[in-house]
Amino acid sequence: MTARLVSWRELAPDVRHFVFEAPEVEKLDFQPGQFVSLSHPIGGKTITRAYSLSGVPDGNRFELCLNRVADGLFSPHLFAMSPGESVSMKGPLGTFVWRDRDREAFLVATGTGIAPMRGMLLDELAREGARPVTLLFGARYPHGLLYRYEFEEMAAAHPRLRFVPTVTRPDETWTGRTGRVQPHLLELLGDRTDVDVYICGLADMVNDTRALLKERGFDRKQVIVEKFD
């Protein structure tokens with residue numbers, strides 16, 4: 001299958017939101033939270049990378065959020081693409097999707113780990129329901145809180161969504177929470193173990209957070225993870 005670039009916009013320095021389309025199909029079916037694998041010949045080799053979908057199904061279009069890795073092989077190619085250019089695609093694939101839609105959920109993300117959770121939240125808030133959902137999102141700097149204003153608008157429009165951002169390197173304008181996501185998650189949970197926790201980000205954060213939840217008594221089925229190496 002082919003993925004053709006439609007448009008992109010900058011979210012932060014070296015981070016972009018991309019819109020692609022799959023011209024061979026009328027509708028691209030997927031569950032929010034899944035990923036696609038993109039491939040292209042680069043330097044004489046076919047390079048493949050997986051990227052989480054950051055939106056909900058929309059005809060044959062799909063959205064990605066990714067950062068440009070300076071010494072990477074694939075992301076610089078995507079950042080150099082112009083609308084109309086294409087790469088090969090497989091998917092959508094993956095199991096990082098909503099499980100029990102009736103259980104209260106906590107979403108924990110850092111960096112571009114927010115990508116699948118954006119789609120999951122858009123999907124959840126389009127449903128009729130009353131279950132509370134908390135999004136805990138960590139970044140180094142305030143400008144790294146990708147989609148921040150979108151999430152603030154979601155929370156304002158949907159009282160059952162609580163948006164909790166935190167940064168580890170605040171500037172003089174930041175008045176919110178500071179530090180890593182792990183202690184904030186434990187504070188927000190208190191002594192509760194009756195919720196599902198979805199975690200996405202770099203492997204160190206995901207593994208550390210999962211271990212903390214295990215110590216708290218969470219069953220492994222209540223902790224759903226997606227990690228980037």
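Residues: numbered from 1 along the sequence shown. Atom set for the values below is all heavy atoms of this structure, side chains included, hydrogens, waters and symmetry mates excluded.
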Donor-acceptor pairs under 3.5 angstrom involving side-chain atoms of residues 39-47: please list them, not counting sequence neighbours.
from: S39; atom 1: OG; to: T48; atom 2: OG1; distance (Å): 2.7

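With sequence neighbours excluded, no residue forms a ring-ring contact (aromatic ring centres under 6.0 Å, His included) with F30. Legend: residues meeting side-chain contact (heavy atoms from CB on, under 4.5 Å) with P76, ordered by chain and number and at least two apart, are R68. Legend: residues meeting ring-ring contact (aromatic ring centres under 6.0 Å, His included) with F137, ordered by chain and number and at least two apart, are absent. Annotation: salt bridge (charged side-chain N to carboxylate O under 4.0 Å, His left out) contacts of E85 (sequence neighbours excluded): none. With sequence neighbours excluded, the residues that form a side-chain contact (heavy atoms from CB on, under 4.5 Å) with A155 are L161, F163. Residues meeting the side-chain contact (heavy atoms from CB on, under 4.5 Å) test with P116, sequence neighbours left out: S52, F96, C200. Under the side-chain hydrogen bond (donor to acceptor under 3.5 Å, both in side chains) criterion, E153 pairs with no residue, sequence neighbours left out. Partners of Q31 under the side-chain contact (heavy atoms from CB on, under 4.5 Å) rule, at least two apart in sequence or in another chain, are Q34, V97.
Remark: the backbone N or O of T178 is paired with a side-chain donor or acceptor of H184 at under 3.5 angstrom. Within the 3.5 Å criterion, the main-chain N or O of T2 finds a donor-acceptor partner in the side chain of E24. Here the side chain of N207 pairs no donor or acceptor atom with the backbone of R210 at under 3.5 angstrom.
Around the CG atom of D194, the shell of radius 6.0 Å holds more than 12 heavy atoms that belong to other residues, nucleotides or ligands.
The minimum heavy-atom distance between L53 and P92, with the atom names listed, is CD1-CB, 3.9 Å. Closest non-hydrogen pair, V56 versus P32, comes out as CG1-CG, 4.1 Å. Here the closest non-hydrogen pair linking Q182 and T209 is CG-OG1, 3.4 Å. Between M1 and A22, the shortest heavy-atom distance links the atoms SD-CB, 3.9 Å. Among all heavy-atom pairs drawn from T193 and Q222, the shortest one is O-NE2, 2.7 Å.
Considering only heavy atoms from C-beta on, L78 stays 4.5 Å or farther from R16 through its side chain. Inter-residue side-chain proximity for W174 and L145 is flagged as met; some heavy-atom pair is nearer than 4.5 Å. Side-chain contact between R4 and N60: absent, with no pair of heavy atoms (C-beta onward) separated by less than 4.5 Å. At least one side-chain heavy atom of H17 sits less than 4.5 Å from a side-chain heavy atom of E63. For the pair C65/V15, a side-chain contact is recorded, criterion being any heavy-atom separation below 4.5 Å from C-beta on. Put simply, the side chain of F74 reaches to within 4.5 Å of the side chain of Y51, judged on heavy atoms. For the pair E124/R131, a side-chain contact is recorded, criterion being any heavy-atom separation below 4.5 Å from C-beta on. By the 4.5 Å heavy-atom criterion applied to side chains, M81 and W8 are not counted as neighbours.
The side-chain hydrogen bond (donor to acceptor under 3.5 Å, both in side chains) analysis of residues 135-146, with sequence neighbours excluded, yields the pairs Y141-R169.
Atoms CG and OG1, from L202 and T110 in turn, are 5.5 Å apart once rounded to the nearest 0.5 Å. To the nearest 0.5 angstrom, L11 atom CG is 9.5 Å from E150 atom CD. Between atom CZ of residue R118 and atom CG of residue D123 there is a gap of 12.5 Å, rounded to the nearest 0.5 Å.
For F62 and F35, the ring centers are positioned 6.0 Å apart or more.
Grouping Ile, Leu, Val, Met, Phe, Trp and Tyr residues whose side-chain heavy atoms lie under 4.5 Å apart, directly or via other members, places V19 in a hydrophobic cluster with V6. Applying the under-4.5 Å side-chain rule to Ile, Leu, Val, Met, Phe, Trp and Tyr, the cluster around V225 extends to F106, V108, L136, V164, V181, L185, L188, L189, V195, V197, I199, M205, V206, L213, F218, V223.
F20 and L122 are members of different hydrophobic clusters when ILVMFWY side chains are connected at heavy-atom separations under 4.5 Å. When the side chains of ILVMFWY residues are joined at heavy-atom separations under 4.5 Å, either directly or via intervening members, M117 and L146 end up in a single hydrophobic cluster. By the criterion of side-chain heavy atoms lying less than 4.5 angstrom apart, applied directly or through intervening Ile, Leu, Val, Met, Phe, Trp or Tyr residues, V25 is grouped together with L64 in one hydrophobic cluster. No path of Ile, Leu, Val, Met, Phe, Trp and Tyr side chains, each step under 4.5 Å between heavy atoms, connects L186 with Y198, placing them in separate hydrophobic clusters. Placement of V69 and F228 in two distinct hydrophobic clusters is found when ILVMFWY residues are connected by side-chain heavy-atom separations under 4.5 Å, directly or transitively.
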